[in-house]
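Both ligands and their constituent atoms are indexed starting at 1 by order of listing. Sequential numbering from 1 along the given sequence is applied to the chain's residues. As a basis for the values below, the full set of heavy atoms in this structure was taken, side chains included, without hydrogen atoms, waters or symmetry mates.
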Amino acid sequence: MTQTDAGWVKIVGLGPGNETMVTAQVQEVLAEATDVVGYIPYVKRIPERPGLTLHATDNRIEIERATHALEMAASGKRVAVVSSGDPGVFAMASAVFEALEAGKPEWLNLNIQVLPGITAMLAASARIGAPMGHDFAAINLSDNLKPWSLIEKRLRLAGEAGFAMGFYNPRSKSRPHQFGRALEILREACGGETLISFARDVSKPGETITTVTLDEATPEMADMRTVVIVGNADTRRVGRHVYTPRFAKEG
Ligand code: SAH
């Protein structure tokens, strides 16, 4: 095997935060890697050891980070690209493939694999009960990479179609007003009695889960450490749990 053949890129999900929720497969990759690449808070989760170089970079430079990972793998390094949750959900896996598409043709022969992790929406759903027990949609509420008008359209149509929904990146300091608008659209599309849960720091110290109706929900209930779960018209409480039945009436 040549030095180049020995290199690889494995794009791994670290789960929502708790170390027991990192899969054994991902732990193996982290033990074999020579280099770890990712956004600063995620790379901080990787313990240092001899033979491992950590490359922590700021957010919003995903393509440079992905290109760097591919370059290192082409020179024989074993590179783990880390994301929180699942790497295929609003995270690094797509960025690596974008960089591959724009990169050197010989990179197409590299050993590139995506290893799944537990995404925030499903970790939160499990804590809440079973709000995603029927059909659902996952929507990123950040308009960094798409126009806000498209987000409004998807929210409205998913609500009208009766999907339960999981919202990532719901409300940041740089766009404080959009989540209030999202709540307005949801009230119109789903009805004010629909249940909405705010799951903050899921699986981490200080985790909080709050369930209210859309009429009771206020924008301040969400921030960037929160994943928001909206049920459909059938989603209901049973004791301390919230669930969506597996059946649905004609739409
Ligand atoms: N790839 C990640 C999502 C990255 S987008 C995944 O699959 O989970 C970042 C957003 O994910 C945050 O703004 C928040 O909405 C959500 N998130 C990630 N970890 C979370 C956690 N532990 N608790 C609540 N929300 C979380």
Side-chain angles (χ1 to χ4, degrees), residues 10-23 25-26 29-30 36-46 56-63 65-66 69 80-98 114-129 131-132 136-146 148 151 154-155 164-176 178-179 182-183 186 196-211 217 219-230 242:
K10 298 191 184 178
I11 311 148
V12 306
L14 298 177
N18 190 301
E19 295 314 314
T20 63
M21 294 169 98
V22 181
T23 68
Q25 194 183 36
V26 166
V29 166
L30 294 171
V36 170
V37 173
Y39 177 39
I40 299 158
Y42 309 150
V43 173
K44 271 204 185 124
R45 289 177 56 186
I46 311 300
T57 46
D58 201 354
N59 221 354
R60 298 204 187 193
I61 61 151
E62 285 92 351
I63 298 299
R65 193 190 289 152
V81 177
V82 296
S83 284
S84 74
D86 182 275
V89 180
F90 312 128
M92 282 305 292
S94 291
V96 171
F97 292 119
E98 278 171 43
V114 182
L115 304 184
I118 299 175
T119 190
M121 178 181 75
L122 297 183
S125 297
R127 298 291 285 135
I128 292 162
M132 301 317 198
F136 61 84
I139 303 178
N140 185 345
L141 292 192
S142 164
D143 64 349
N144 284 343
L145 300 171
K146 60 185 167 186
W148 176 253
I151 298 175
R154 288 186 175 166
L155 281 174
M165 288 170 263
F167 301 136
Y168 290 77
N169 300 310
R171 181 168 166 269
S172 77
K173 290 194 186 84
S174 61
R175 43 186 179 82
Q178 292 173 343
F179 187 63
L183 288 175
L186 291 168
I196 179 169
S197 301
F198 297 86
R200 186 168 197 270
D201 282 345
V202 174
S203 87
K204 298 182 191 175
E207 172 189 280
T208 56
I209 313 267
T210 311
T211 300
E220 305 72 48
M221 290 176 167
D223 65 8
M224 289 299 271
R225 285 158 65 175
T226 306
V227 63
V228 180
I229 308 286
V230 177
V242 172

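Taking every non-hydrogen atom of A91 and a distance limit under 4.0 Å, the qualifying atoms of ligand 1 come out as 1 (N). Short contacts between ligand 1 and P170, defined as distances under 4.0 Å to a heavy atom of the residue, involve ligand atoms 15 (O). Remark: ligand 1 atoms within the under-4.0 Å shell around heavy atoms of K204 are 22 (N). Interface of A199 with ligand 1, defined as ligand atoms under 4.0 Å from a residue heavy atom, comprises 24 (C).
Heavy atoms of S84 approach ligand 1 to within less than 4.0 angstrom. The shell of residues lying under 4.0 angstrom from ligand 1, judged by heavy atoms, excludes G17.
Closest protein heavy atom to atom 4 (C) of ligand 1: F90 O, 3.7 Å. Ranking the protein heavy atoms by distance from atom 7 (O) of ligand 1 puts T119 OG1, 2.6 Å first. Given atom 22 (N) of ligand 1, the protein heavy atom at minimum distance is P16 O, 2.9 Å. Among all protein heavy atoms, the one lying closest to atom 24 (C) of ligand 1 is R225 O, 3.2 Å. Among all protein heavy atoms, the one lying closest to atom 21 (C) of ligand 1 is V202 N, 3.6 Å. Residue, atom and distance of the protein heavy atom nearest to atom 10 (C) of ligand 1 are N169 OD1, 3.5 Å. When only non-hydrogen protein atoms are considered, atom 11 (O) of ligand 1 lies nearest to Y168 CD2, 3.3 Å. In this structure, atom 13 (O) of ligand 1 lies nearest to the protein heavy atom M224 O, 2.6 Å.
Between R171 and D223 there is no salt bridge, since no side-chain nitrogen of the basic residue lies less than 4.0 Å from a carboxylate oxygen of the acidic one.
Taking distance alone, with nitrogen or oxygen atoms compared against 3.5 Å, T226 approaches ligand 1 more closely than that limit. Checking only distances, R200 never comes within under 3.5 Å of ligand 1, N or O to N or O. When only interatomic distances are considered, the shortest N/O to N/O separation between S83 and ligand 1 does not fall below 3.5 Å.
For the atom pair N140 CG and N169 CG, the distance stands at 4.5 Å (nearest 0.5 Å). The structure places CD1 of I196 at 7.0 Å from CZ of F167, a figure rounded to the nearest 0.5 Å. The CD atom of E220 lies 10.0 Å from the CZ atom of F179; values are rounded to the nearest 0.5 Å.
A donor atom on one side chain and an acceptor atom on the other are not found under 3.5 Å apart for Y168 and S142. For the 3.5 Å distance criterion, the side chains of T208 and R200 fail to qualify, holding no donor opposite an acceptor.
When side chains are defined from C-beta on, I46 counts as touching L30, because their heavy atoms get closer than 4.5 Å. In this structure, the side chains of S83 and L14 stay at 4.5 Å or more apart for every pair of heavy atoms.
Atom NZ of K146 has more than 12 heavy atoms from other residues, nucleotides or ligands within 6.0 Å. Within a 6.0 Å radius of CZ in R127, other residues, nucleotides and ligands contribute 12 heavy atoms or fewer. Crowding of R154 atom CZ: a count of heavy atoms from other residues, nucleotides or ligands under 6.0 Å not exceeding 12.
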* Show your reasoning for whether side chain to side chain contact (heavy atoms under 4.5 Å, CB included) applies to K204 and N18. => CA-CA 6 Å; K204 298 182 191 175; N18 190 301; over 6 Å; no

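When the heavy-atom distances from atom 18 (C) of ligand 1 to G85, S172, A120 are ranked, the shortest goes to A120.
Contacts of D201 with ligand 1, taken as heavy-atom pairs under 4.0 Å, involve the backbone alone.
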